[in-house]
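Bear in mind the structure is a predicted one, so any value in this text is a computation, not a measurement.
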Amino acid sequence: MNDTKLTEKVALITGAGSGMGRAMAREFAAQGAAVIASDIVESRAADTAKAIAEAGGRAIGVQIDVADASSVEAAVSKGTEQLGPVNVLCSNAGVLDDYRPVLETDEADWDRVININLKGMYLTSRAVLGQMIENGGGAIVNTASISGIVAGGGGAAYTSSKHGVIGFTRQLAFDYGPKGVRANCICPGAVETGMTRELFAANEAEVMDSVNSVPAGRYAQPEEIAKLALFLASDDSAFVHGAAYVIDGGWTIR
């Protein structure tokens, strides 16, 4: 482990069992953080924690349902009991909506996406803000999307949720920046993860046309998103508050 940028920090990462969240957990641990790797599937969270431990880092895996307040509180309580107060929160857990427009989105689908993608950020932030302020500050990094900036990257529920994430993050920065808590978000484009591979496979021709038209000419890898998350979580971004960082290979400039 490199043990540098996040030394003596405790990082809670949601959706850490796979994809971008797993990459963030491993990157943060490599930079000295003790990681609370949380996921809706407990075995995936445990696998991430095990991989970190095998690489010489410190981590525990905990189950979390970010849309459920009691689950969030329990995960934070378990993590802080074992590793200490949270200094860094990466709210990364999220779901897609299969690009469904309003007339194809029923109320249950809408609620599921909004509750996980947006309400989950509120619940996890609320669970750690008090201890961050009490201990002199912290950093919150929320995973939004280019769908939080433009339409067409998801359906009605997903796009609405990610626009909400950006607004929520900016309000966090406004309210709690003066208390030492920085809040920023990441807006990825197409990232190659297990979740997106399934979706892309169902629309392969259309997706590849879009990917090939992007200046970078490829998907992002989760590790590339994790590098940006590290920057926003570390003191390297000490003067960055309320920003929405686009990392999309040029998708939104087309």
Side-chain angles (χ1 to χ4, degrees), residues 10-30 33-55 57-83 86 88-98 108-128 140-145 154 157-158 161-162 165 186 188 190-202 219-223 225-226 229 233:
V10 175
L12 169 62
I13 301 172
T14 68
S18 60
M20 293 185 293
R22 182 178 173 91
M24 290 175 190
R26 299 190 71 168
E27 180 68 30
F28 284 24
V35 174
I36 306 167
S38 66
D39 197 272
I40 186 69
V41 180
E42 188 171 11
S43 61
R44 292 200 305 236
D47 286 345
T48 297
K50 180 181 178 182
I52 289 170
E54 289 174 346
R58 295 176 62 212
I60 63 167
V62 299
Q63 194 276 338
I64 194 170
D65 177 353
V66 296
D68 179 80
S70 61
S71 177
V72 171
E73 293 290 346
V76 171
S77 177
K78 181 177 180 180
T80 55
E81 284 176 5
Q82 295 191 43
L83 296 179
V86 173
V88 175
L89 167 65
C90 281
S91 283
N92 171 74
V95 292
L96 300 170
D97 66 358
D98 298 328
D109 289 335
W110 176 272
D111 288 346
R112 180 182 69 92
V113 173
I114 297 297
N115 285 343
I116 295 171
N117 291 5
L118 184 54
K119 181 183 177 182
M121 303 228 172
Y122 152 68
L123 292 175
T124 50
S125 295
R126 188 182 68 170
V128 302
I140 295 175
V141 183
N142 293 327
T143 300
S145 167
Y158 184 79
S161 72
K162 294 303 185 178
V165 168
I186 297 171
V191 183
E192 189 173 10
T193 67
M195 183 171 67
T196 57
R197 274 194 294 271
E198 291 181 10
L199 178 63
F200 295 163
Y219 300 118
Q221 296 302 308
E223 292 75 16
I225 310 302

> From N92 CG over to M24 CE, what is the distance, rounded to the nearest 0.5 angstrom?
Replying inline: 4.5 Å

> Say you draw a straight line from CG of L89 to CG of N142; how long is it, rounded to the nearest 0.5 Å?
Replying inline: 6.5 Å

>> Does R112 form a side chain to side chain contact (heavy atoms under 4.5 Å, CB included) with V95? I'd like the steps, not just the answer.
In response: CA-CA 9 Å; R112 180 182 69 92; V95 292; 3.7 Å; yes

>> Among residues at least two apart in sequence or on other chains, which ones pass side chain to side chain donor-acceptor pair (under 3.5 Å) with R126?
In response: Y122

>> Can you list everything that forms a side chain to side chain donor-acceptor pair (under 3.5 Å) with D111? Sequence neighbours excluded, please.
In response: none

> Within the distance-only criterion (no hydrogens, no angle test), does the side chain of N117 pair as donor or acceptor with the backbone N or O of S161 below 3.5 angstrom?
Replying inline: no

>> I'd like to check P188 versus V191 (side-chain heavy atoms, cut-off strictly below 4.5 Å). Are they in contact?
In response: yes

> With side chains defined as the heavy atoms from C-beta onward, is the minimum distance between L118 and V165 less than 4.5 Å?
Replying inline: yes

> Can you name the closest pair of heavy atoms from F28 and A11 and give their distance?
Replying inline: CD2-CB, 3.8 Å

>> I'd like to know if the side chain of S38 reaches the main chain of I13, judged simply by a donor and an acceptor atom lying under 3.5 Å from each other, with no hydrogens or angles considered.
In response: yes

> Please, which pairs that meet salt bridge (Lys or Arg N to Asp or Glu O under 4.0 Å) have at least one residue in residues 38-53, sequence neighbours excluded?
Replying inline: D39-R44

>> When you compare the side chain of R22 with that of P222, does any pair of heavy atoms fall below 4.5 Å?
In response: no

> Quick one: are I36 and Q82 in side-chain contact, heavy atoms under 4.5 Å?
Replying inline: no

> Sequence neighbours excluded, which residues qualify as side chain to side chain donor-acceptor pair (under 3.5 Å) partners of Q221?
Replying inline: E192

> Any side-chain heavy-atom pair from V76 and L12 closer than 4.5 angstrom?
Replying inline: yes

> Can you tell if the side chain of V66 reaches within under 4.5 Å of the side chain of L123, non-hydrogen atoms only?
Replying inline: no

> Any idea which heavy atoms bring I52 and A25 closest together, and the distance?
Replying inline: CD1-O, 3.6 Å

> Is there side-chain contact between M20 and T143, with at least one heavy-atom pair below 4.5 Å?
Replying inline: yes

>> Please check this pair: side chain of T124 against backbone of M121, looking for a donor-acceptor N/O pair closer than 3.5 Å.
In response: yes

>> Just so I know, are the side chains of S18 and T193 near enough to count as touching, which here means a heavy-atom distance under 4.5 Å?
In response: no

> Got a second to check how far S125's OG is from I140's CD1, nearest 0.5 Å?
Replying inline: 4.0 Å

>> Restricting to side chain to side chain donor-acceptor pair (under 3.5 Å), what partner residues turn up for T14, sequence neighbours left out?
In response: none

>> Could you measure the distance from the CH2 atom of W110 to the CG atom of D97? Nearest 0.5 Å is fine.
In response: 9.0 Å

>> Once salt bridge (Lys or Arg N to Asp or Glu O under 4.0 Å) is applied, do any residues pair with D109, and if so which ones, sequence neighbours excluded?
In response: R100

> Looking only at atom types and distance, does a side-chain atom of Q63 sit under 3.5 Å from a main-chain N or O of I40, one as donor and one as acceptor?
Replying inline: yes

